[in-house]
Number of protein chains: 2
Amino acid sequence: MAREMKAAGRPRDPKTAENIKSTTLRLMREQGYAAVSIASIISESGVAKQTIYNRWKTKADLVLDAIFEETERYASAPDHDFNKSCREQLYQFLIEVFEHLERDSRIICALIASAQEDKLFQKSFRERFVNPREKIVEDILRRAHSLGQISTERDIPTLVAFIHGAFWYPLLNGIQPDRKLAQNIVAEIFRH
Amino acid sequence: MAREMKAAGRPRDPKTAENIKSTTLRLMREQGYAAVSIASIISESGVAKQTIYNRWKTKADLVLDAIFEETERYASAPDHDFNKSCREQLYQFLIEVFEHLERDSRIICALIASAQEDKLFQKSFRERFVNPREKIVEDILRRAHSLGQISTERDIPTLVAFIHGAFWYPLLNGIQPDRKLAQNIVAEIFRH
DNA sequence: TTAATTAGTAGACTATAGTCTATTATATTA
DNA sequence: TAATATAATAGACTATAGTCTACTAATTAA
C-alpha cells in the first residue's frame with residue numbers, strides 16, 4: 001500500500017535541515033573540514049546539537065549530505081553527443097571533475113579520510129559519490145568498446161580503476177589534477 | 001666539521017623509543033589505528049605522555065615511524081635480474097606490495113587519512129612512504145623504455161600514477177588488491 | 001662541586017566529536 | 001480534550017588528542 005501515512009508526532013521542519021546543510025557547506029568552503037567544529041555549525045545555524053545528531057550519524061555524514069546536491073550534478077552522464085568521440089567524452093568528463101575538485105578537493109579528501117575509520121560511512125560514500133562516477137566512465141568505455149574506439153581485448157574494470165586512481169592518487173598526495181593530466185589519461189587509454 | 005659533539009643534558013634512552021614504537025606497532029596490528037589510544041600506548045609501554053610528544057608530533061607521526069622499519073623493506077628495489085623481463089619485475093613488485101598491504105592496509109589507510117588533515121605529516125608520509133615506491137616503479141618503466149619493452153611514446157609519470165592509483169583507489173574504497181589486479185595492471189601497461 | 005641543559009614523569013588542562021537526559025513544542029489519533 | 005509520539009532545545013557528560021607546567025634524573029662544562 002502506497003498510503004501517504006503521516007507519521008504521528010511533531011513533524012520535522014524542512015527549513016531546519018536546509019539551514020544546517022547550507023551553513024555547514026558555507027563554513028566548510030570558507031575554512032575547510034577540520035577547522036569547522038560541530039560547535040561552530042551549531043552557533044552559526046542556531047540549532048541544538050541533538051538536532052544535528054538526530055539526522056546525521058557523524059560530522060562526515062552531515063558534510064557528505066551538505067555537498068551531495070552539488071556534487072551529484074558533476075556526476076551526471078554527459079550527453080550522448082554522437083558527434084563527439086568517446087575520447088572527447090572522457091576528456092570532457094575529466095575536465096568537469098577536475099574543475100569541481102578545484103573548489104571542493106579539501107572537503108572530498110577529508111571525506112575519503114573519514115571513510116577510512118568508519119566502514120558504514122565508507123559504504124555510504126561509495127554509493128553516493130564513488131559508484132556514480134565509476135559508472136559514467138564505465139559507460140563511456142563500453143561504448144568505446146562497441147564502437148571500436150578501443151580494443152575489445154582491454155579489461156574495462158582495470159581501465160576504470162586506472163582512470164579514477166590516476167587522479168585520486170595525486171589528489172590524496174596534495175597535488176591538484178590539471179588539464180595536462182586529463183590529456184595524458186585519455187592519450188594513454190585511447191592510444192592505438 | 002663532522003665533530004662528534006655530545007649534546008649537553010641527559011641523553012635519550014634508546015630503549016625508550018624502541019619500547020614506544022614496538023608497543024605501538026603491536027597494538028596497532030592487534031586493534032587498528034582508531035581503536036588504539038595514546039593513553040593505551042602509555043599504559044602498555046609504561047612511559048609518560050610527554051615522552052611520546054617529545055619525540056613525535058602526532059599519533060600519526062608515531063605510527064608512521066613505528067611501521068617504517070618494516071615498510072621500507074618492501075620498498076627496496078628488486079634485484080636487477082636480467083633474466084627477468086621488466087614486466088615480470090613490475091608484477092613481482094606489485095605482488096610484494098599487495099602481500100604487505102594484506103597485513104597493514106588498515107594502518108596505511110589510516111595514515112593516508114591523517115595526511116589529509118595535516119600537511120606537514122602529508123609531506124613526511126610522501127617522502128618516507130610514497131616517493132620510494134614511486135621511484136621503484138619509475139625505474140622499472142625507464143628500463144623497459146630503454147630495452148624497448150614498452151613504446152618510447154608513452155608518458156612514464158602518467159603510467160606511474162596509473163599503477164599506484166590502480167591499487168590505492170580500491171584500497172581506499174575498502175577493497176584489497178589481489179593477484180588478479182596485479183595481472184591486469186601489468187597486462188595493460190605492457191600490452192603491445 | 002655547581003650551573004646549565006636535556007630526558008623523563010606526573011597530572012592538570014583544553015578542544016572537540018559524540019552520547020545522554022530532561023524539558024518544551026507540535027503534530028496525530030482516540 | 002486527552003494521550004501519545006516525535007522534533008527541537010539546553011546542557012551535562014564521556015572519550016581522546018594534544019598542550020602546559022612543575023618536578024626529578026642524568027649528563028656536560030666550568
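This structure is a prediction, so every number in the text was calculated from the model and none was measured. Residue numbers start from 1 in every chain, and the chains themselves are labelled A, B, ... in the order their sequence lines are given, proteins ahead of strands.
In this entry the distance linking CD1 of A/Ile42 with P of D/dA12 reads 14 Å, nearest Å. Atom CD1 of A/Ile20 and atom C1' of D/dA7 are 11 Å apart (whole Å). Taking atom CD1 of A/Ile52 as the reference point, atom P of D/dG11 lies 16 Å away to the nearest angstrom. Spacing between atom CG of B/Asn19 and atom P of C/dG8 amounts to 11 Å, rounded to whole angstrom units.
Looking at residues 105-119 of chain B, you'll see that no heavy atom sits under 4.0 Å from any atom of DNA chain D.
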Report, as a single string ordered 5' to 3', how protein heavy atoms within less than 4.0 Å touch nucleotides 17-26 of chain D: B base, S sugar-phosphate only, - not at all.
SBBB----BB

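The two residues B/Val63 and B/Ile107 have their closest heavy-atom pair at CG1-CG2, 3.6 Å.
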Taking it one step at a time, do B/Lys57 and B/Asp118 satisfy salt bridge (charged side-chain N to carboxylate O under 4.0 Å, His left out)?
CA-CA 11 Å; B/Lys57 288 193 203 80; B/Asp118 182 345; over 6 Å; no

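Residue pairs that meet the salt bridge (Lys or Arg N to Asp or Glu O under 4.0 Å) test with at least one member in residues 23-40 of chain B, sequence neighbours left out, are B/Arg26-B/Glu30, B/Arg26-B/Glu44, B/Arg29-B/Glu70, B/Arg29-B/Asp104.
With sequence neighbours left out, B/Phe125 forms a ring pair (Phe, Tyr, Trp, His ring centres under 6.0 Å) with B/Phe129. For A/Lys180, the side-chain contact (heavy atoms from CB on, under 4.5 Å) partners two or more places apart in sequence, or in a different chain, are A/Asp178, A/Gln183, A/Asn184.
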Identify every side-chain donor-acceptor pair in residues 167-177 of chain A under 3.5 Å, counting partners at least two apart or on other chains, and give the distances.
{"from": "A/Tyr169", "atom 1": "OH", "to": "B/Glu134", "atom 2": "OE2", "distance (Å)": "2.9"}
{"from": "A/Asn173", "atom 1": "ND2", "to": "A/Tyr169", "atom 2": "O", "distance (Å)": "2.9"}
{"from": "A/Gln176", "atom 1": "NE2", "to": "A/Ser105", "atom 2": "OG", "distance (Å)": "2.7"}

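Side chain of B/Val47, nearest nucleotide from D/dA5, C/dT9, C/dG8: C/dT9.
Salt bridge status for A/Glu188 with A/Arg191: present, with a side-chain N to carboxylate O gap under 4.0 Å. Between A/Glu99 and A/Arg179 a salt bridge is recorded (basic side-chain N to carboxylate O distance below 4.0 Å). For B/Asp139 and B/Arg143, the salt-bridge test fails: no basic side-chain N is under 4.0 Å from an acidic carboxylate O.
Considering only side-chain N and O atoms, A/Thr16 lies under 4.0 angstrom from the phosphate OP1 or OP2 of D/dA8. Checking the phosphate oxygens (OP1, OP2) of C/dT26, no side-chain nitrogen or oxygen of A/Arg12 falls inside 4.0 Å. Distances shorter than 4.0 Å separate none of the side-chain N or O atoms of B/Thr51 from OP1 or OP2 on C/dA7.
In this structure, B/Ala48 reaches the bases: a heavy-atom distance under 4.0 Å links it to at least one base atom across the strands shown.
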